[in-house]
Amino acid sequence: MSNQRKKIIQNYLDGYNNFDIDKMTIDFSDEIVFQNMQNGKVNMTLYGIAEFKQQAEQTKSYFESREQKMTFISHSDDKTEIEIEYSAVLAIDFSNGLKKGEKIVLKGISIFMFKDNKIMQITDIS
C-alpha cells in the first residue's frame, strides 16, 4: 500500500510541477479538502474537487516555473506525510513586495489522508 500511495503523491507533484491540473487531481476524491497553513494558522481551505481545480487554475498564472520535490515520506494508517523542498519563479508582482522574476525557495510538509486509494485531504504546512 505504501508504494501505491507514494506513486499517487508523486503523480500529484508531477502534475503540480507541470501545471497539469487534471494530472494533479486524477487520484482525488470528489470531496477533497485542501488546507494551507502558514505560521500555525490555516490561511486557506478548499472543499471539493471543483473548488480545488478553480483555485489551481487561478494560481497557474502566478508562476513562470514551480517545483515541489519530495525529500522524505512516512506512512501510517490512512495518512502519508511528506517533506518537500519548494521552489518557484514568480510571473507577477505580489502585494507583499515579491517581484516578477524573483525565485522563492521554501521547505514544508504536506499531509495526505487516503480512503480507498483516493486522496481525501491534503494539508500543506509551511
Side-chain angles (χ1 to χ4, degrees):
M1 175 169 325
S2 60
N3 282 342
Q4 177 68 16
R5 283 194 202 163
K6 183 177 181 180
K7 184 178 175 187
I8 289 169
I9 291 169
Q10 189 60 57
N11 190 62
Y12 167 78
L13 296 176
D14 290 345
Y16 179 89
N17 295 342
N18 292 305
F19 299 92
D20 184 342
I21 295 168
D22 289 335
K23 184 171 185 165
M24 283 175 68
T25 59
I26 195 157
D27 295 302
F28 279 15
S29 160
D30 289 342
E31 294 84 38
I32 183 81
V33 176
F34 176 86
Q35 286 192 318
N36 191 63
M37 296 181 68
Q38 287 183 317
N39 303 318
K41 295 185 177 153
V42 175
N43 64 1
M44 179 175 46
T45 303
L46 304 171
Y47 298 98
I49 198 164
E51 195 170 332
F52 182 92
K53 284 183 173 185
Q54 180 181 10
Q55 176 69 20
E57 192 63 48
Q58 285 177 344
T59 59
K60 279 173 38 173
S61 64
Y62 297 176
F63 306 101
E64 288 179 19
S65 64
R66 62 187 186 184
E67 180 182 30
Q68 289 190 57
K69 187 167 85 175
M70 188 177 356
T71 59
F72 177 80
I73 189 166
S74 172
H75 303 283
S76 63
D77 297 327
D78 58 354
K79 176 173 89 172
T80 297
E81 185 172 316
I82 66 170
E83 292 177 11
I84 61 158
E85 291 179 355
Y86 177 82
S87 63
V89 176
L90 303 179
I92 62 170
D93 292 342
F94 284 82
S95 59
N96 65 2
L98 293 172
K99 300 290 183 199
K100 178 180 178 175
E102 268 188 69
K103 182 173 184 175
I104 55 174
V105 178
L106 305 167
K107 290 188 178 197
I109 295 171
S110 292
I111 301 167
F112 294 81
M113 301 295 292
F114 287 86
K115 184 176 179 185
D116 301 325
N117 282 327
K118 291 286 187 186
I119 298 172
M120 299 295 296
Q121 181 173 340
I122 301 172
T123 303
D124 283 346
I125 304 167
S126 60

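Along the sequence shown, the residues carry numbers beginning at 1.
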Taking the side chain as every heavy atom from C-beta outward, state whether I21 and K60 have any pair of such atoms under 4.5 Å apart.
yes
Residue pair N11 / I26: nearest heavy atoms and the distance that separates them:
ND2-CG2, 3.2 Å
Ring geometry between F28 and F52 (parallel below 30°, tilted from 30 to 60°, perpendicular above 60°)
perpendicular
Mind listing the closest non-hydrogen atom pair of M120 and S29 along with its distance?
SD-CB, 3.3 Å
Sub-4.5 Å side-chain heavy-atom contact between F114 and I8:
yes
Using side-chain heavy atoms (C-beta onward) and a distance below 4.5 Å, is K53 in contact with D22?
yes
Count I, L, V, M, F, W, Y as connected when their side-chain heavy atoms are under 4.5 Å apart, and connections chain through other members. Are Y16 and I104 then in the same cluster?
yes
Are M44 and Y12 joined in one hydrophobic group, where the rule is that I, L, V, M, F, W and Y side chains link up if heavy atoms are under 4.5 Å apart?
yes
Between K99 and D93, the two heavy atoms sitting closest are CA-OD1, 3.4 Å
Working to the nearest 0.5 Å, report the span between NE2 of H75 and CD of Q4.
10.5 Å
Shortest non-hydrogen contact from L98 to N96?
N-OD1, 3.1 Å
Would a hydrophobic clustering, with Ile, Leu, Val, Met, Phe, Trp and Tyr connected at side-chain separations under 4.5 Å, put M113 with I82?
no
Membership question, hydrophobic clusters at under 4.5 Å side-chain separation (ILVMFWY): are I92 and V89 in the same one?
no
Nearest-0.5 Å distance, CD1 of residue I49 to CZ of residue F34:
13.5 Å
Where is the tightest heavy-atom contact between E64 and A91, given as atom of each residue plus distance?
N-CB, 3.6 Å
Cationic tip of R66 above Y86 ring, under 6.0 Å, 45° of axis:
no
Side-chain heavy atoms of N117 within contact of D27, under 4.5 Å:
no
Are L13 and I73 connected in the hydrophobic side-chain network, where two residues link if heavy atoms are under 4.5 Å apart?
yes
Return the minimal non-hydrogen interatomic distance between Q58 and Y62, and the atom names on each side.
O-CE2, 3.7 Å
To the nearest 0.5 Å, how far apart are CD1 in I109 and OG in S126?
10.0 Å
For the CD atom of Q68 and the CG atom of N17, what is their distance to the nearest 0.5 Å?
6.5 Å
Describe, in one word, how the ring planes of F63 and F94 are oriented to each other, choosing from parallel (under 30°), tilted (30 to 60°) and perpendicular (over 60°).
tilted
Exceeds 12 heavy-atom contacts within 6.0 angstrom, atom NZ of K79
no
Using side-chain heavy atoms (C-beta onward) and a distance below 4.5 Å, is E83 in contact with K107?
no
One should read off an interatomic distance between L106 CG and I84 CD1, to the nearest 0.5 angstrom, of 8.0 Å
How many angstroms lie between atom CE of M24 and atom CZ of F19, to the nearest 0.5 angstrom?
10.5 Å
Return the set of residues passing side chain to side chain donor-acceptor pair (under 3.5 Å) with Q38 (not counting sequence neighbours), or none when no residue passes.
N43
